[in-house]
Asks: 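Below you will find the structure I want to go over with you.
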Amino acid sequence: MGAGNQQERLSKTEAMRWFMAGFIEGEGSLCVSIKHHPSSRFGYLVDPEFFLYQHESGISLLQMAKEMFGTGRISPKPGNETVLVYSIASRVSLKEKVIPFFEKYMIYSAKRHVFERFREIIDAFEKKEHLTREGLASIVKKAYAMNPDSKGKERKRSLQEVLERILRGPTPNLLENTRR
């Protein structure tokens, strides 16, 4: 067999990244939590985060992810200590490591629409939009739109309730179209 007939082989690092993409597709999630926080400027804290879940017997997969991303932490899942969670909460790491990974390796993901919204939210934080009522309201709308048909938990508060607290007395058109 000649050299022209050989298939290109991935480097070990590149193979690991493609493997991780499949693992993330099944066990990963992009989440934007919205926490009521009375002392915050507009009453809520909005925290984007990336998670990977695995039974404690599969800790090596989470360690591989941590090594690949070069950041994050592994901890027991609250309420179920036999499940471990690898998480990245730093917005800088999300922007510089997670988003480029998704852009390159998760292009065929069923979670692509969730990723697109997540990236818009991270971009909005980069532009400091969260520092205004209207900007934070826009971020919250995007967060609520990330998983509209989610199989997981529903949010504790309705979108309307959160927006009313953030916007407190603004022009009515800002509260319209909350289902975007």
Side-chain angles (χ1 to χ4, degrees), residues 20-21 23-54 62 65-66 69 71-75 77-80 83-107 109-168 170 174-180:
M20 268 296 134
F23 181 56
I24 290 167
E25 181 71 15
E27 304 298 329
S29 67
L30 297 168
C31 173
V32 179
S33 63
I34 300 166
K35 302 169 191 156
H36 183 254
H37 199 274
S39 65
S40 68
R41 182 185 288 182
F42 305 122
Y44 287 93
L45 294 177
V46 178
D47 290 321
E49 200 162 356
F50 167 72
F51 295 102
L52 269 174
Y53 301 91
Q54 190 66 23
L62 300 181
K66 185 175 180 183
F69 284 112
T71 188
R73 63 183 222 140
I74 300 171
S75 57
K77 181 179 179 185
N80 188 350
V83 174
L84 298 175
V85 181
Y86 168 65
S87 61
I88 299 175
S90 158
R91 285 199 308 258
V92 170
S93 294
L94 291 169
K95 180 184 184 294
E96 294 177 358
K97 298 176 186 242
V98 175
I99 288 180
F101 180 87
F102 268 74
E103 287 173 336
K104 182 171 182 178
Y105 297 98
M106 305 291 291
I107 55 177
S109 173
K111 300 175 183 184
R112 189 70 188 185
H113 70 284
V114 172
F115 165 69
E116 297 294 339
R117 288 284 161 96
F118 189 81
R119 181 175 52 196
E120 289 172 12
I121 290 167
I122 297 299
D123 288 345
F125 273 103
E126 282 294 304
K127 296 174 187 168
K128 309 250 186 251
E129 292 176 17
H130 63 292
L131 299 177
T132 68
R133 289 184 187 280
E134 295 77 14
L136 186 61
S138 175
I139 290 170
V140 166
K141 287 178 189 178
K142 289 174 184 170
Y144 270 74
M146 279 177 63
N147 295 334
D149 303 321
S150 120
K151 63 183 179 201
K153 296 190 262 181
E154 293 202 11
R155 296 209 181 251
K156 188 175 181 179
R157 292 172 182 83
S158 72
L159 175 58
Q160 190 68 24
E161 178 185 345
V162 174
L163 291 177
E164 285 173 0
R165 170 64 177 97
I166 291 170
L167 296 172
R168 250 196 231 161
L174 289 174
L175 292 175
E176 293 174 12
N177 303 322
T178 57
R179 300 220 182 248
R180 260 197 247 175

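Worth knowing before you read on, the calculation uses all heavy atoms, side chains too, and leaves out hydrogens, waters and symmetry mates.
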Asks: Do you know which two heavy atoms are closest between Y44 and I166, and how far apart they sit?
Replies: CD1-CG1, 3.9 Å
Asks: Which atom names give the shortest non-hydrogen contact between R155 and S33, and what distance separates them?
Replies: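 In terms of heavy atoms, the two residues are closest at NH1-CA, 4.2 Å.
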Asks: Once rounded to the nearest 0.5 Å, what's the spacing between atom CG of L52 and atom CE of M20?
Replies: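 Taking CG in L52 and CE in M20, the distance rounds to 7.0 Å.
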Asks: Before you tell me yes or no, could you show the steps for L94 and L30 under side-chain contact (heavy atoms from CB on, under 4.5 Å), namely the whole-Å CA-CA distance, both residues' side-chain angles and the distance that decides it to 0.1 Å?
Replies: CA-CA 10 Å; L94 291 169; L30 297 168; 5.7 Å; no
Asks: Would you check if Y144 and V32 make a side-chain contact, meaning some heavy-atom pair closer than 4.5 Å?
Replies: no
Asks: Within the structure provided, determine whether K95 and F125 are in side-chain contact (heavy-atom separation under 4.5 Å).
Replies: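 K95 does not reach F125 side chain to side chain.
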Asks: Assess whether a salt bridge exists between E116 and R112, defined as any Lys/Arg side-chain N lying under 4.0 Å from an Asp/Glu carboxylate O.
Replies: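 Result for this pair is yes, salt bridge flagged.
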Asks: At their closest point, which heavy atom of I88 faces which heavy atom of S93, and how far apart are they?
Replies: CG2-CB, 3.6 Å
Asks: Mind listing the closest non-hydrogen atom pair of F101 and I24 along with its distance?
Replies: CE2-CD1, 3.5 Å
Asks: Going by heavy atoms in the side chains, are V162 and I34 under 4.5 Å from each other?
Replies: yes
Asks: Can you tell me how far the OG atom of S90 sits from the CZ atom of R73, to the nearest 0.5 Å?
Replies: 13.0 Å
Asks: Are F115 and I99 side-chain neighbours, meaning at least one heavy-atom pair lies under 4.5 Å?
Replies: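 In short, these two side chains touch, coming nearer than 4.5 Å.
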Asks: In terms of relative ring orientation, are F102 and F50 parallel, tilted or perpendicular, with 30° and 60° separating the classes?
Replies: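 Perpendicular.
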Asks: Side chains of E129 and L136: does their closest heavy-atom pair fall under 4.5 Å?
Replies: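 No, every pair of side-chain atoms sits at 4.5 Å or beyond.
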Asks: For E25, enumerate each residue passing the side chain to side chain contact (heavy atoms under 4.5 Å, CB included) test, keeping only those at least two apart in sequence or located in another chain.
Replies: M106, S109, A110, K111
Asks: Is the shortest side-chain N to carboxylate O distance from R91 to E126 below 4.0 Å?
Replies: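 No, no charged N to carboxylate O under 4.0 Å.
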Asks: Going by side-chain contact (heavy atoms from CB on, under 4.5 Å), H130 matches just one of V140, I139, L45. Which one?
Replies: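 Among V140, I139, L45, the one meeting side-chain contact (heavy atoms from CB on, under 4.5 Å) with H130 is I139.
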Asks: Any idea which heavy atoms bring F118 and C31 closest together, and the distance?
Replies: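 Shortest heavy-atom contact: CE1-O, 3.6 Å.
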Asks: Counting C-beta onward and ignoring hydrogens, is there a side-chain heavy-atom pair between K141 and L163 closer than 4.5 Å?
Replies: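 In contact.
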Asks: On the six-membered ring of Y53, is K77 placed so that its NZ or CZ lies under 6.0 angstrom from the centre and within 45° of the ring axis?
Replies: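 Yes - K77 lies over the ring of Y53, closer than 6.0 Å to its centre and within 45° of its axis.
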Asks: Are the side chains of H113 and M146 in touch, meaning some heavy atoms are under 4.5 Å apart?
Replies: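 No. Closest side-chain heavy atoms not under 4.5 Å.
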Asks: Distance check, rounded to the nearest 0.5 Å: Q160 atom CD versus L167 atom CG?
Replies: 9.5 Å
Asks: Identify the heavy atoms of R165 and P38 that sit nearest to each other, and give their distance.
Replies: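 Nearest heavy atoms, R165 then P38: NH2-O, 4.1 Å.
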